Participant: 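After the structure tokens below, expect a handful of questions from me.
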Amino acid sequence: MIMKQANQKYPKLTLLFCLLFMLAKNSYADDHIASHRHLADPATLVYNGRVYLYASNDDDNTDDKDSGYKMKSIVCISSSDMKNWTDHGVVFEAPRDVTWASRTWAPSVIARNGKIYLYFGNGGSGIGVATSSSPIGPFKDPLGKKLIDNETPGVQPAKNMWLFDPMAFLDDDGQAYLYFGGNGEDNMRVIKLNEDMISVNGRATSFHVPAFFEASWMHKRNGNYYFSYSSNPKAEMRIDYMMSTNPTTGFVYKGVIGAQPPNNNNNNHHGIFEFKGKWYHAYHNRVVAIKKGIPPVYKRNLAIEELNYKPDGSIVQINYTVNGVTQIGAVNPYQRNEAETLQDQEGIMTKNTADGGMQISGMKNNNWIKVQGVDFGKKGPKLFSAQISGLSPGISLEVRAGSLDGKQIAKLVSTGKQAAGLQLHTGKAELIKGKQDLYLVVSGVDSANGIDIDWWRFQQR
Ligand code: FUB
């Protein structure tokens, strides 16, 4: 949790981390996603053909090295193809949506009976639950108080317990469990959740977890239960795992899922999920902050790798890569595509639109978004349209294929008499066929505001 604390205990480790930071500058160690935000502690939900990631919002932390973990909101992003991620913005925030909490750390999200349940840590001092009818919120607090605190039967006695990092798990027989806790090998707890998912049943129990630090995760595959977690600084904050054939007892330590990720060098937190026939490991590192040259400890970002199993059910240790995930399918350019769905970017921000959606905002000269794997088919496009505000004389939105300086296939310019606010702009599209990566690049903005893009689409020949 508090990495300054770990660093004080392990000064040699800290020195090594600093050296690694310096060496890592200006190189990516893995496939960062939603790099326009600082996000951490990914929780996952597979729902209606999309995977949703919910994250601690590290943009709530200031840029200085002593910022501390002040996250008081949860951000959601989602994807249907594992490469292009849609930004759904802040879906839960304290105290706006939960008056008793001041922090919303490390969520866990689960769907049941048509509702979505989001569990979070009020820092390390208790666990709350929020509910929504939609995976993209808004989430509201149904209890007006903590779900788990030190009075919850079975939580205490514990030595220096961090009461946080919830992991909600729904078993095939309909019994739900909440795993939580941190800061000691005997500080992991698991308690049954009632069917309403907002109350607990009975006492919390525990099993011994070697080098347990934080970040509990539970998943089930082929009848095996996998409990995974971050090990402590002495064990280099790896993601380790245990297996059992029972969700609450009989766990045996099996080894390492992932060593300390490159360009992380600090606390580690992951989620595991199955999506469209493959298993994945979502995690955080600090590569975006390192690249930007800002203090990285409290400015984490999300990344993802595929996860594989051996025939005996044990997990193949992850080799962290820059680009380890394959796109599933392709983007259809002939339908409305939200501008906030992207694989990579430079210089963008996102904001809420009046209709409750999201848009990209304030794109200035040479800012861009990349959309990976757009399939133009055999006929190709004839027109390109985008809903944009701020396009004025001297400013254009160019669409390039393949790379940032690839072939220009469309260019939208101002007609000189645009009304204020989002307007539909349409221009001619060059012939292009098959699957391409697209770059939407702004050129010539020198105003303070830049341009906003809500969505884009092509019209087929
Ligand atoms: O993000 C705050 C804390 O850092 C989480 O609760 C821990 O798991 C660690 O990632």
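Whatever order the structure lists them in is the order used to number ligands and atoms, beginning at 1. These figures come from a predicted structure and were not determined experimentally.
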Participant: Any carboxylate oxygen within less than 4.0 angstrom of a Lys/Arg side-chain nitrogen, looking at Lys299 and Asp58?
Facilitator: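 Salt bridge: no.
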
Participant: So which of Asn57, Asn267, Asp165 gets nearest to atom 5 (C) of ligand 1, if we judge by its closest heavy atom?
Facilitator: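 Minimum heavy-atom distance to atom 5 (C) of ligand 1 goes to Asp165.
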
Participant: If you count the atoms of ligand 1 from 1 in the order shown, which ones are under 4.0 Å from a heavy atom of Glu214?
Facilitator: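 By the 4.0 Å cutoff, the relevant atoms are 7 (C), 8 (O), 9 (C).
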
Participant: Could you tell me, atom by atom, which parts of ligand 1 come under 4.0 Å of a heavy atom of Ala106?
Facilitator: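 This gives 6 (O) as the contact atoms.
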
Participant: At a 4.0 Å threshold, what atoms of ligand 1 neighbour a non-hydrogen atom of Met71?
Facilitator: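 Here the atoms of ligand 1 in question are 1 (O), 2 (C).
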
Participant: Salt bridge or not for Lys276 and Asp81, using N-O below 4.0 Å?
Facilitator: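 Not counted as a salt bridge, because no side-chain N and carboxylate O are separated by less than 4.0 Å.
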
Participant: Tell me yes or no: between the side chains of Arg103 and Asn122, is some donor less than 3.5 Å from an acceptor?
Facilitator: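 No pair is found: no donor N or O on one side chain lies under 3.5 Å from an acceptor on the other.
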
Participant: Quick test of your reading of the model: are Arg238 and Asp240 salt-bridged, counting only N-O distances below 4.0 Å?
Facilitator: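 The answer is yes: the pair qualifies as a salt bridge.
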
Participant: Can a side-chain donor-acceptor contact be found between Lys83 and Gln372 if the only test is distance below 3.5 angstrom?
Facilitator: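 The answer is no; no qualifying pair exists.
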
Participant: Could you tell me if Thr350 and Asp87 have a donor-acceptor pair between their side chains, going purely by distance under 3.5 Å?
Facilitator: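 A pair is found: one side chain offers a donor N or O, the other an acceptor, under 3.5 Å apart.
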
Participant: Find all atoms of ligand 1 within a distance of less than 4.0 Å from any non-hydrogen atom belonging to His284, and give their numbers and elements.
Facilitator: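 The list of qualifying atoms is 10 (O).
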
Participant: Less than 3.5 Å apart, any donor N or O on the side chain of Asp171 or Gln175 sitting next to an acceptor on the other?
Facilitator: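 The answer is no; no qualifying pair exists.
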
Participant: One residue to check: Arg300. Relative to ligand 1, which of side chain, backbone, both or neither has a non-hydrogen atom less than 4.0 Å away?
Facilitator: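 The part of Arg300 near ligand 1 is the side chain, not the backbone.
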
Participant: When only distance counts, is Asn268 in polar contact with ligand 1, meaning an N/O pair under 3.5 Å?
Facilitator: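 Checking ligand 1 against Asn268, no N or O pair falls under 3.5 Å apart.
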
Participant: Give the numbers and elements of all ligand 1 atoms closer than 4.0 Å to a heavy atom of His269.
Facilitator: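 Those qualifying, in numeric order: 7 (C), 8 (O), 10 (O).
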
Participant: Which of the numbered atoms in ligand 1 are under 4.0 angstrom from any heavy atom belonging to Trp105?
Facilitator: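 Per the distance check, 2 (C), 6 (O).
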
